[in-house]
Amino acid sequence: MNQMDFKNKIRDLDVKDFLCLISIVILMILILVYFKNVIDIVAYLLDVFTPVFIGITLAFIFNIPMNYYEKKLPIKNDKTKKILSAVLAIASVLIFVVIVLVAVIPQIFENIRIFLDNSSSLIDKLWTQIQDVFMYFNIPSDVITSIESYETNINETIFDILRNWMPDIIDSIIQLSSGVADLFIGFIMSFYILLSKDMLLKQIDKLSRAILKEKNYEWLKDFSNLVAETFGDFIFGQLKEAIIIGILCYIGCLILRIPYRLICSLVIGVSNIIPYFGPIIGAIIDCVIIFLVDPFQAIVFLIFSTCLQQFESHFIYPQVVGRSIGLSPLWVLLAVSIGGNLFGIPGMVIGLPTFAVAYELIRRWTNHRLYNK
């Protein structure tokens, strides 16, 4: 756009457009001047509306099995079918979560008990190996003496660390209790969202059509459909992939006689929800758990998990998730890295579908511009 075109556009603005432009400029200036206050207000609003966000997220997840039940249930009454489908969808997800917890939590406590029982012998064994390494590399004796002194007082050191962390632990417990309350409210809200989703969508559609111009309304409708489809396909694909990888990992650990196979398989499955970096994080956690019991088996598991990750990257992920996202490995890595740096693990999970939506919008805009030229 040249300078003459810009002047013509400014000259053609009516009073309404001019006032709107001035308001936007003033609003942006106020945001920049009171940026810290704006951030505090946004954080407060996010905290207040946390149950709403949880309810919408759970409703989005529950809606996937609910759509399946709505298609399969042989009930003619739409209201009865919708209520029963919502109940079955929520029950299915909860039963799955309960089964996983019942199967895993006892083993976690058992593994902790075994580790505590064997911790002294493991520390002695590890210290003996460290001494052998020091003797092999001719480490000075004063260094060994200093380490032995620290090893003798390790219990006191751990006690001091726990005592310093106690306030943070109490704050975490308080935040956890608040999070449980928000989760419960969000869970109830998700049920009512599922029951009234058609009415809510019609109301939002009607309000959008009333407020926006027809062109903007069509764009917003198309954008909403793109977001819902991309996120839905991604979440469903990631869950399917996590289940497949978890089962394959359990079968492999069973064949290789690797200890803690159920926990390792669960960690591998859950960590695969995080694209790209998730399998690496899960493999490291499992290797540490296995190493405390059997270092050789930890090496075996590391080799097995590496092979499993290669199989997952080349065969499972492209078929289950890759088609629904449509991004190359370079863009996947970029999306996960940016999302993780901004919002941690949640950012790594939602960064990929968010980037996929932005990528599709840019692709459409580019093609539109090239078509006009």
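- A salt bridge is defined here as a Lys NZ or Arg NE, NH1 or NH2 lying under 4.0 Å from an Asp or Glu carboxylate O, and Lys197 with Glu70 meets this definition.
- When atom types are taken as modelled, the side chain of Glu229 and the backbone of Ser224 share no donor-acceptor pair closer than 3.5 angstrom.
- Atom CG of Leu58 sits about 9.0 Å away from atom CG of Leu194, to the nearest 0.5 Å.
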* Asked: Run the side chain to side chain contact (heavy atoms under 4.5 Å, CB included) check on Phe191 and Ser196 step by step: do they pass?
  -> CA-CA 9 Å; Phe191 178 72; Ser196 57; over 6 Å; no
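- Relative orientation of the Phe49 and Phe53 rings is tilted, given thresholds of 30° and 60° on the angle between their planes.
- To the nearest 0.5 Å, atom OG of residue Ser208 and atom CG of residue Leu201 are 10.5 Å apart.
- When atom types are taken as modelled, the side chain of Thr230 and the backbone of Val227 share no donor-acceptor pair closer than 3.5 angstrom.
- Evaluated for a side-chain contact (heavy atoms from CB on, under 4.5 Å) with Val52, the options Thr50, Ile56, Ile54 yield exactly one hit, Ile56.
- Here the CD1 atom belonging to Ile258 is positioned 4.0 Å from the SG atom belonging to Cys253, to the nearest 0.5 angstrom.
- Side-chain atoms of Asn367 come within 3.5 Å of backbone atoms of Arg363 as a donor-acceptor pair (strictly under, hydrogens ignored).
- Atom-to-atom distance recorded for Lys82:NZ and Met66:CE is 6.5 Å, nearest 0.5 angstrom.
- Leu220 CG to Asn225 CG: the interatomic distance, rounded to the nearest 0.5 Å, is 9.5 Å.
- No salt bridge links Lys221 with Glu218; every basic N to acidic carboxylate O contact stays at or beyond 4.0 Å.
- In this structure, the separation between CZ on Phe311 and CD1 on Ile245 is 7.5 Å, given to the nearest 0.5 Å.
- Ion pairing between Arg261 and Asp286 fails under the 4.0 Å rule for side-chain N and carboxylate O.
- With side-chain heavy atoms closer than 4.5 Å counting as contact, directly or through intermediates, the hydrophobic cluster containing Leu84 also holds Tyr68, Tyr69, Leu73, Ile75, Leu88.
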